[in-house]
Structure formats: C-alpha cells, structure tokens
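Here is the structure we will look at.
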Amino acid sequence: MELPYSTPVFDSDRTQQLLENVLQANEQPLPMTAVAKRLGYPKRVLYRHFPELCRAISGKYIKYMKESRVKRIEHCCEEVKQAVGQVHTEAIYLSEAAISRLLAKPGCFRDKKVRAALRAARKEISLEP
C-alpha cells in the first residue's frame with residue numbers, strides 16, 4: 001500500500017556532519033529554525049536526534065545576537081556624541097529630537113544607554129549638572 005505523502009529518509013550521519021559544519025562555519029550564525037529549513041527537516045526532529053549540536057548552534061546564534069546588539073548600541077552612542085558636537089556648534093538646544101534628526105537610526109534613543117550617552121555628552125559641554 002502506498003502512502004499519500006512521502007516522508008524524507010533521515011540520513012543520520014550526513015545530517016550530523018552538516019550540523020557540525022554549520023557549528024564550525026565562520027559565517028554569520030543562523031538560528032536553528034533557519035538551519036532546519038536549510039537541511040529540510042523539522043527543527044524538533046533535529047533536536048531529538050542531535051540535542052547537543054542543536055543547543056550549541058542555538059547558543060552560538062544567541063551569543064552572536066547579543067554581541068551585535070552591544071556593537072549597535074556602542075555605534076549609536078558614538079553617533080550621538082558626534083551629533084551633540086555638531087548641534088552645539090550651531091547653537092541649537094541639544095534635545096533628543098534635534099540630535100535624532102542627525103542619526104542614521106533615530107530609534108536609538110529607545111535604549112537607556114544611548115540616552116545616558118546624550119546626558120554624558122551634554123555634561124561634557126556643561127549643559128547638565
């Protein structure tokens with residue numbers, strides 16, 4: 001009797017090798033959902049057969065995302081410092097709105113560290129106590 005659908009044959013050795021390659025790759029890490037989609041298996045099947053590899057891949061991705069966030073915030077803080085200098089030379093009040101117009105991503109001020117960088121830059125030019 002033929003099944004109405006075909007299930008892919010699970011090649012354990014090949015899949016394990018591919019997961020190890022993903023883990024050791026020097027490319028931008030991918031989330032497990034993307035890895036599973038690339039390999040053509042449901043994520044839960046991969047986790048069931050290779051839990052350690054899957055957790056390692058997920059951990060690498062999470063670490064990458066945290067590092068990316070830190071770099072993005074640092075970049076925004078540096079951009080804010082430069083914008084404060086520019087706006088101050090134009091004798092404009094250093095409001096968030098005035099500074100955000102000069103930023104590549106005005107939404108940076110959603111992060112409290114970026115707002116703290118603005119306060120610190122204001123303090124450097126003696127506008128805040």
Compare every heavy atom of [Y] with every heavy atom of [X], then report the nearest pair and how far apart it is.
X: Leu94; Y: Ile99; value: CD2-CD1, 4.0 Å
X: Cys108; Y: Leu103; value: CB-CD1, 4.5 Å
X: Val114; Y: Cys76; value: CG2-CB, 3.8 Å

Heavy-atom side-chain contact between [X] and [Y] under 4.5 Å:
X: Tyr47; Y: Met32; answer: yes
X: Val35; Y: Leu19; answer: yes
X: Gln86; Y: Gln82; answer: no

Yes or no on side chain to side chain contact (heavy atoms under 4.5 Å, CB included) for Leu53 and Leu23, after CA distance, side-chain angles and deciding distance?
CA-CA 8 Å; Leu53 278 172; Leu23 184 59; 4.0 Å; yes
Distance only, no hydrogens: is a donor on one side chain within 3.5 Å (strictly under) of an acceptor on the other, for Gln17 and Asp13?
no
Got a sec, which pairs hit salt bridge (Lys or Arg N to Asp or Glu O under 4.0 Å) with one end in residues 48-66, sequence neighbours left out?
none
Does the Glu96 side chain pair with the main chain of Phe109, one donor and one acceptor, at a distance under 3.5 Å?
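Checking the backbone N and O of Phe109 against the side chain of Glu96, no donor-acceptor pair under 3.5 Å is found.
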Short question: side chain of Thr15, backbone of Ser12 - any donor-acceptor pair under 3.5 Å?
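Not at all, since once roles are kept as given, no pair shorter than 3.5 Å links the two residues.
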Can you list the steps and then say if Phe50 with Gln16 is a side chain to side chain contact (heavy atoms under 4.5 Å, CB included)?
CA-CA 7 Å; Phe50 309 105; Gln16 181 176 359; 3.5 Å; yes
Taking [Y] as the starting point, is it possible to reach [X] by hopping between hydrophobic residues whose side chains are less than 4.5 Å apart?
X: Tyr61; Y: Tyr41; result: no
X: Leu102; Y: Ile73; result: yes
X: Leu18; Y: Val45; result: yes

May I have the step-by-step check of side chain to side chain contact (heavy atoms under 4.5 Å, CB included) for Val84 and Glu124, ending in yes or no?
CA-CA 10 Å; Val84 164; Glu124 282 182 21; over 6 Å; no
To the nearest 0.5 angstrom, please state how far the [atom1] atom of [X] sits from the [atom2] atom of [Y].
X: Ser68; Y: His75; atom1: OG; atom2: NE2; result: 13.5 Å
X: Arg72; Y: Glu79; atom1: CZ; atom2: CD; result: 13.0 Å
X: Glu74; Y: Lys113; atom1: CD; atom2: NZ; result: 8.5 Å

Going by salt bridge (Lys or Arg N to Asp or Glu O under 4.0 Å), name the residues that satisfy it together with Asp111, two or more places apart in sequence or in a different chain.
Arg69
